[in-house]
Enquirer: 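Pasting in a structure now, in structure tokens, and then I'll have a few things to ask.
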Amino acid sequence: MVEFREDLKKLYMAAGVDNIASVFLFNDSQITDESFLEDFSCILNTGEVPNLFTMEEQEQLCSDMKHTTPSSHLPASHDAIFKLFLKKARSNLHLVLCMSPVGDP
């Protein structure tokens, strides 16, 4: 579970901070915990995973956004910067869920 969340963080950082279009390919055989599907569903429904980033990580993320985003497009508040990050991540992150039609492998 921890590795899965760390991978999601890396994807969000690439998509939101670095503005890199990314595809998250998830195979049904990789679903080892039901929470994976809950996180996947949250991304599809709201564009974010609740509590994915700690407050310290959010602060670092906002600092990184200040270095990669032109100051004329960067809002002043921490919350607004985080919302801009999520907007960019939603725009750049694409999800693919592959399901086997046969059933259990």
Enquirer: Tell me every residue that passes side-chain contact (heavy atoms from CB on, under 4.5 Å) with Thr32, counting only those two or more places apart in sequence or in another chain.
Expert: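 Partners of Thr32 by the side-chain contact (heavy atoms from CB on, under 4.5 Å) criterion, ordered by chain and then number, come out as Phe36.
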Enquirer: Kindly write out the residues that satisfy ring pair (Phe, Tyr, Trp, His ring centres under 6.0 Å) with Phe85, not counting sequence neighbours, or none if the list is empty.
Expert: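 Only Phe53, Phe82 meet the ring pair (Phe, Tyr, Trp, His ring centres under 6.0 Å) criterion with Phe85.
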Enquirer: Measure the spacing between CG of Leu93 and CD of Glu48 and express it to the nearest 0.5 Å.
Expert: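 Between Leu93 CG and Glu48 CD, I get 12.5 Å after rounding to 0.5 Å.
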Enquirer: Could you grab the distance from atom OG of Ser29 to atom CE of Met99, nearest 0.5 Å is fine?
Expert: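 Reported value, rounded in 0.5 Å steps: 10.0 Å.
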Enquirer: Could you walk me through whether Phe4 and Phe40 satisfy the ring-ring contact (aromatic ring centres under 6.0 Å, His included) test, starting with their C-alpha distance in whole Å, then the side-chain angles of each, then the deciding distance to 0.1 Å, before giving a yes or no?
Expert: CA-CA 11 Å; Phe4 176 72; Phe40 205 85; 8.3 Å; no
Enquirer: Out of curiosity, Leu52 CG to Ile43 CD1, how far, rounded to the nearest 0.5 Å?
Expert: 8.0 Å
Enquirer: Hydrophobic clusters join Ile, Leu, Val, Met, Phe, Trp and Tyr when side-chain heavy atoms are under 4.5 Å apart, directly or via other members; which others share one with Met55?
Expert: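 Listed partners: none, Met55 stands alone.
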Enquirer: Shortest non-hydrogen contact from Leu86 to Gly47?
Expert: CD2-O, 4.4 Å
Enquirer: Is there a path of hydrophobic side-chain contacts, each under 4.5 Å between heavy atoms of I/L/V/M/F/W/Y residues, joining Leu95 to Leu97?
Expert: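 Same cluster: Leu97 reaches Leu95 through Ile, Leu, Val, Met, Phe, Trp or Tyr contacts under 4.5 Å.
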Enquirer: My understanding is that only residues two or more places apart in sequence, or in another chain, count here; which of them pass side-chain hydrogen bond (donor to acceptor under 3.5 Å, both in side chains) with Asn45?
Expert: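 Residues passing side-chain hydrogen bond (donor to acceptor under 3.5 Å, both in side chains) with Asn45: Ser41.
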Enquirer: To check you understand the geometry: which heavy-atom pair defines the closest contact between Gln30 and Leu25, and what is its length?
Expert: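 So the two residues come closest at OE1-O, 3.9 Å.
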Enquirer: Sequence neighbours left out, what passes salt bridge (Lys or Arg N to Asp or Glu O under 4.0 Å) with Lys83? Give chain and number order.
Expert: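 Partners of Lys83 under the salt bridge (Lys or Arg N to Asp or Glu O under 4.0 Å) test: none.
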Enquirer: The criterion is side-chain hydrogen bond (donor to acceptor under 3.5 Å, both in side chains); which residues satisfy it with Asp64, sequence neighbours excluded?
Expert: Gln60
Enquirer: List the residues meeting side-chain hydrogen bond (donor to acceptor under 3.5 Å, both in side chains) with Lys87, not counting sequence neighbours, and say none if there are none.
Expert: none
Enquirer: Under the side-chain hydrogen bond (donor to acceptor under 3.5 Å, both in side chains) test, which residues partner Thr46, sequence neighbours left out?
Expert: none
Enquirer: My understanding is that a hydrophobic cluster links ILVMFWY residues whose side chain heavy atoms are under 4.5 Å apart, including indirect links. Using that, what else belongs to the cluster containing Ile20?
Expert: none
Enquirer: Write down the atom of Leu61, the atom of Met13, and the distance for their closest heavy-atom approach.
Expert: CD1-SD, 3.6 Å
Enquirer: If you apply the rule side-chain contact (heavy atoms from CB on, under 4.5 Å), what do you find for Phe24 with Asp7, and how did you get there?
Expert: CA-CA 10 Å; Phe24 179 41; Asp7 289 341; 5.8 Å; no
Enquirer: According to the side chain to side chain donor-acceptor pair (under 3.5 Å) rule, which pairs have a member within residues 10-19, sequence neighbours left out?
Expert: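 Matches after skipping sequence neighbours: Asn19-Asn92.
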Enquirer: Which value, rounded to the nearest 0.5 Å, describes the distance between Ile31 atom CD1 and Leu37 atom CG?
Expert: 4.0 Å
Enquirer: Partners of Glu57 by salt bridge (Lys or Arg N to Asp or Glu O under 4.0 Å), sequence neighbours excluded?
Expert: Lys9
Enquirer: To check you understand the geometry: which heavy-atom pair defines the closest contact between Lys88 and Val17, and what is its length?
Expert: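 In terms of heavy atoms, the two residues are closest at NZ-O, 4.1 Å.
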